[in-house]
Participant: 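I'd like to ask you about the structure that follows.
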Amino acid sequence: MRYFAGFIEAKFISMSKNLVIVESPAKAKTIEGYLGKDYLVKSSFGHVRDLVKKDLSIDVAHDFQPVYEVMPDKRKVIKELKSLADTAEMVWLATDEDREGEAISWHLAEVLGLKDENTKRIVFHEITKQAITDAIKKPRTIDYNLVNAQQARRVLDRLVGFEISPILWKKVKPALSAGRVQSVAVRLIVEREEEIRNFKSTFSYKVSAIFTVDNESGKADLKADLPKRFAKKEEAVAFLELCKEAEFRVAGIETRPGKKSPAPPFTTSTLQQEASRKLGFSVSKTMMVAQQLYEEGKITYMRTDSVNLSTLALGAAKEEIHKLFGEAYVKTRQYATRTKGAQEAHEAIRPTYLSHSSVEGDPSRRKLYDLIWKRTIASQMADAVLERTNVTIDISTSKEHFVAEGEVIKFDGFLKVYLESSDDAGEKEEGILPPLKKGEKLGMQEISATQKFTQSPPRYTEASLVKKLEELGIGRPSTYAPTISTIQKREYIVKEDRDGVIRQYDHIVLKDGRIKETIQKEKTGYEKGKLFPTDIGELVTRFLIQYFNDIMDYNFTASVEKEFDEIAQGLKAWNQMIREFYGPFHARVEETMEIKEKMKGERLLGVDPKSGKNVYVKIGRFGSMAQIGDSDSPEKPRFAGMRKGQTLDAITLDEALKLFDFPRLIGQYEDHDITVGIGRFGPYVLHNKVFVSLKKTDDPATITVERGIELIEEKRNAAISNTIREFPERPDVKVLKGRYGPYISINKENYRIPKDKAPESLTLEECLKIAEASPATSKKKTAAKGKKK
DNA sequence: CAGTGAGCGAGCTTCCGCTTGACTT
């Protein structure tokens, strides 16, 4: 009988009077604690229903009626929510208060079959007990205008993506993609690269001096620069000549007060930027670590465009700053969001408890949390008070004058905790100036003129691309990281390091009454973790600009957002808006489909001196390649794949011809030839059917046979240390150490090892049995793929 | 993991935004 009673009780608990549905499970957990036992809080895990994945799933002929389905991975959630909703007295839809959140509530209402009389819609912007109990007191109904604005957004994106992508499959390469967000992101990178390519560096001569100050306060150095720059070396030298006999005097000292204010608390975009600049994190790494911290309740939600802090947080920050630094450092501030299209459904990213200044765990977590804590605290601290000093120094033999700048921090304020970094590494270092008096004579230690070159605009990093996209109002906090990975997966862009080149520059020094000219060397153009367009990226971008200029326009998203806003305000019907867009758009799609020839980006480089045939570069099935001979000539042309870092636009005839020098015999080892070649994955040496990749520092054009043997031996040793077990009677069966732990390899097929078996002690029989029992992982993958369709 | 590059045609690919795990060789 007790068993029976227990069963009844369990059933009763699952039948809560109130069911609250939010988007995120972590949020559900927190809120449940605030609401008490009459409320069961569950999560929808984001969107639950979407356009059918295959096909357009928009009935263009019938007012663009969308065809929705519950997403396959949400069927389980919906089943559970449905049974809870059916028995609840009231269902509270508590999804985010933005377009997407409103749509989620509507889809839930539809899919769960909710009735108006026991459905309420509530919203809150911060996860505090006060905010939630307030929200419960002020329920509303679903805002269908807002829902329709979301449908317009969704349908527009599907139309653009699913009508343009097939054009690319036909005209450029299969499996490519285009979209409102990704195509513009690629365009930014392509156009930046063009700017860099077309950039003509100019130079001028910058003059700097080191003076000696020698007065009652003691002896000190004073660094100063000449505001005027010289265009020619002769002018710079002539100026230094003038300085030889000159007298230098302090002509004026000007001091003025200044201040610095803290940056606002983090949004997704600014967190990604600072984690990139200060911690060297990729955008996706930042989001992964932030997600962990969020799930553990350490920080608030990490996908937000709001800089707002809850009153609770403001109070906690004030208290914490007071405790740590004292009253003078406290300054409560409310920041206003200036970002285009911000929806502000959440708070800024901040520590849940500001009294916790650190967290446990691996370095990434600790560093990211520390960054968030400091940024939040600093945002609520007093301005830094500065004193800036400008000293002008007269030159007796010239009407030019030197200028020395100094900055003294009178009160550090928020700088005690945190200072935002900037993307361009400013070389300006301003320090404290020695005490000086007007009219004071300065001793000259040295004056130098240095040839300085103008810099091209910088290439984007992942984080600076996110910043730019946000400025343009393109993409959302939840899509910045996925967008960057999509355009890399499609091979439109690559994230790479590039070696710089050595550049010479003039350096002229006046010291001890003599002028000495030297030529110095510096490295320029060195890049680390920057985004470069690929040939495909450039080609597709050029194509899309030509035929879909309006969608590629940087203002396209902003202008459709304006229309979505009108729909949200009930001023326009969503399918009316889509109709106006689709007419001319679809006509253009049809028109473009008519064009027969493929885009190959072919470029004639010149003539091969050996054969007298034309040399081309173009995009082939496997990427960019060089070609000797014409395609329509009776003799088959020769082909060679291009190397990483080479582009159709930049490659020269000589570089292209060098590609045909491979594969090349470099010597012998153990009675077999060693050849060096360039394959799909870069340069390699081949010995007895074994490929070994060259290291970054090896040059395939000059590699010696000795180095080749070294690489082959290295690979053999690595293979030995990765081998856990071998069986002499069956050399094709091995137990190996892989990226995801030990596995069994039989004749190039891989098998997982059951958890209860120790890989070190597996016998041949056991290995074969495991293989027998489970299909090979590689086969399984293709089988699953085929079934999924 | 690897040195490829005809042309045809079947059958496939694709968007943006909300959210987390499952799973990887």
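Both backbone and side-chain heavy atoms feed into the values below; hydrogens, waters and symmetry mates do not. Naming: A, B, ... by sequence-line order, numbering from 1 per chain.
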Participant: Give A:Val160 one of three labels, base, sugar-phosphate or nothing, depending on what nucleic acid heavy atoms sit under 4.0 Å from its own.
Facilitator: nothing
Participant: Does A:Tyr547 have A:Arg588 sitting over its ring (NZ/CZ under 6.0 Å from centre, angle to axis within 45°)?
Facilitator: no
Participant: Might you point out which heavy atoms bring A:Met302 and A:Met287 nearest each other, and give the distance in Å?
Facilitator: O-CE, 3.8 Å
Participant: For A:Glu80, is there an ion pair with A:Lys42 - N to carboxylate O distance below 4.0 angstrom?
Facilitator: yes
Participant: For A:Asp73 and B:dG17, give me the distance from atom CG to atom C1', rounded to whole Å.
Facilitator: 13 Å
Participant: Whole angstroms only, please: what is the CE-P distance between A:Met642 and B:dA2?
Facilitator: 22 Å
Participant: Ignoring backbone atoms, establish whether A:Gln627 has a side-chain N or O less than 4.0 Å from OP1 or OP2 of B:dG5.
Facilitator: no
Participant: I want to check one thing: is the phosphate of B:dT19, taken as OP1 and OP2, less than 4.0 Å away from some side-chain N or O of A:Arg303?
Facilitator: yes
Participant: With nearest nucleotide decided by heavy atoms, which residue, A:Arg180 or A:Leu736, maps closer to the 5′ end of DNA chain B?
Facilitator: A:Arg180
Participant: Would you call A:Phe162 stacked on B:dC15, i.e. ring centres under 5.5 Å apart with the planes less than 30° off parallel?
Facilitator: no
Participant: Would you indicate which nucleotide in B:dG5, B:dC16, B:dT20 comes nearest to any side-chain atom of A:Phe639?
Facilitator: B:dG5
Participant: Heavy atoms only, 4.0 Å cut-off, all strands: where does A:Tyr294 land among base, sugar-phosphate and nothing?
Facilitator: sugar-phosphate
Participant: Closer to the 5' end of DNA chain B via nearest nucleotide, is it A:Gln291 or A:Ala175?
Facilitator: A:Ala175
Participant: Using whole Å, report how far CZ of A:Arg621 lies from P of B:dC8.
Facilitator: 14 Å
Participant: Any side-chain N or O of A:Tyr480 under 4.0 Å from OP1/OP2 of B:dG17?
Facilitator: no
Participant: If you only use heavy atoms from C-beta on, which nucleotide in B:dG21, B:dT14, B:dC18 is closest to the side chain of A:Pro166?
Facilitator: B:dT14
Participant: Take atom NZ of A:Lys644 and atom P of B:dA2, then tell me their distance rounded to the nearest Å.
Facilitator: 18 Å
Participant: May I ask you to evaluate whether A:Arg490 reaches the phosphate of B:dT13, defined as a side-chain N or O under 4.0 Å from OP1 or OP2?
Facilitator: no
Participant: Is the aromatic ring of A:Phe691 within stacking range of B:dC1, meaning centres under 5.5 angstrom and planes under 30 degrees?
Facilitator: no
Participant: Would you tell me if any nitrogen or oxygen in the side chain of A:Ser165 comes within less than 4.0 Å of OP1 or OP2 on B:dT13?
Facilitator: no
Participant: If you draw the axis of the six-membered ring of A:Trp106, does the NZ or CZ of A:Arg121 fall within 45° of it and under 6.0 Å from the ring centre?
Facilitator: no
Participant: Report which part of the nucleic acid A:Pro637 touches: base, sugar-phosphate, or nothing (heavy-atom distance under 4.0 Å, all strands).
Facilitator: nothing
Participant: Decide yes or no, distance alone: a donor-acceptor N/O pair under 3.5 angstrom between the base of B:dC16 and the side-chain of A:Arg153.
Facilitator: yes
Participant: What is the distance, rounded to the nearest whole Å, between atom CG of A:Leu694 and atom C1' of B:dC1?
Facilitator: 15 Å
Participant: Considering just the side-chain nitrogens and oxygens of A:Ser24, establish if one lies under 4.0 Å of OP1 or OP2 belonging to B:dT20.
Facilitator: yes
Participant: Using a 4.0 Å heavy-atom cut-off, does A:Arg476 contact any base of the nucleic acid, only the sugar-phosphate backbone, or nothing at all?
Facilitator: sugar-phosphate
Participant: Quick one: do A:Asp96 and A:Lys27 make a salt bridge, cutoff under 4.0 Å?
Facilitator: yes
Participant: Take the protein atom CD of A:Gln343 and the nucleotide atom C1' of B:dC18, then report the distance between them rounded to whole Å.
Facilitator: 12 Å
Participant: Would you indicate what A:Gly475 reaches in the nucleic acid, counting non-hydrogen atoms under 4.0 angstrom: base, sugar-phosphate, or nothing?
Facilitator: sugar-phosphate
Participant: Which heavy-atom pair separates A:Thr300 from A:Ile349 by the least distance, and what is that distance?
Facilitator: OG1-CA, 3.5 Å
Participant: Would you say A:Gln182 reaches B:dC16's phosphate, i.e. side-chain N/O to OP1/OP2 under 4.0 Å?
Facilitator: yes
Participant: Between B:dT14 atom C1' and A:Tyr492 atom OH, what is the distance in whole Å?
Facilitator: 9 Å
Participant: Between B:dC16, B:dG5, B:dC18, which nucleotide gets closest to the side-chain atoms of A:Arg154?
Facilitator: B:dC16
Participant: B:dA6 base to A:Ser631 side chain: any donor-acceptor pair below 3.5 Å?
Facilitator: no
Participant: Contact class for A:Ala103 vs. all strands (heavy atom < 4.0 Å): base, sugar-phosphate, or nothing?
Facilitator: nothing
Participant: Any salt bridge linking A:Arg725 with A:Glu760? Criterion: basic side-chain nitrogen under 4.0 Å from a carboxylate oxygen.
Facilitator: no
Participant: Atom CH2 of A:Trp169 to atom P of B:dC15: distance rounded to whole Å?
Facilitator: 9 Å
Participant: Hey, is the side chain of A:Arg158 pairing donor to acceptor with the base of B:dC16 inside 3.5 Å?
Facilitator: no
Participant: When you measure from the centre of the six-membered ring of A:Tyr492, is the NZ or CZ of A:Arg490 closer than 6.0 Å and no more than 45° off the axis?
Facilitator: no
Participant: Look at A:Ser478 and B:dC18 and indicate whether a side-chain polar atom (N or O) is within less than 4.0 Å of OP1 or OP2.
Facilitator: yes
Participant: Need one value for A:Leu159: base, sugar-phosphate or nothing, where a base atom within 4.0 Å counts as base even if backbone is also close, heavy atoms only.
Facilitator: nothing
Participant: Any base atoms under 4.0 Å from A:Gly620, or only sugar-phosphate, or nothing? Heavy atoms, all strands.
Facilitator: base
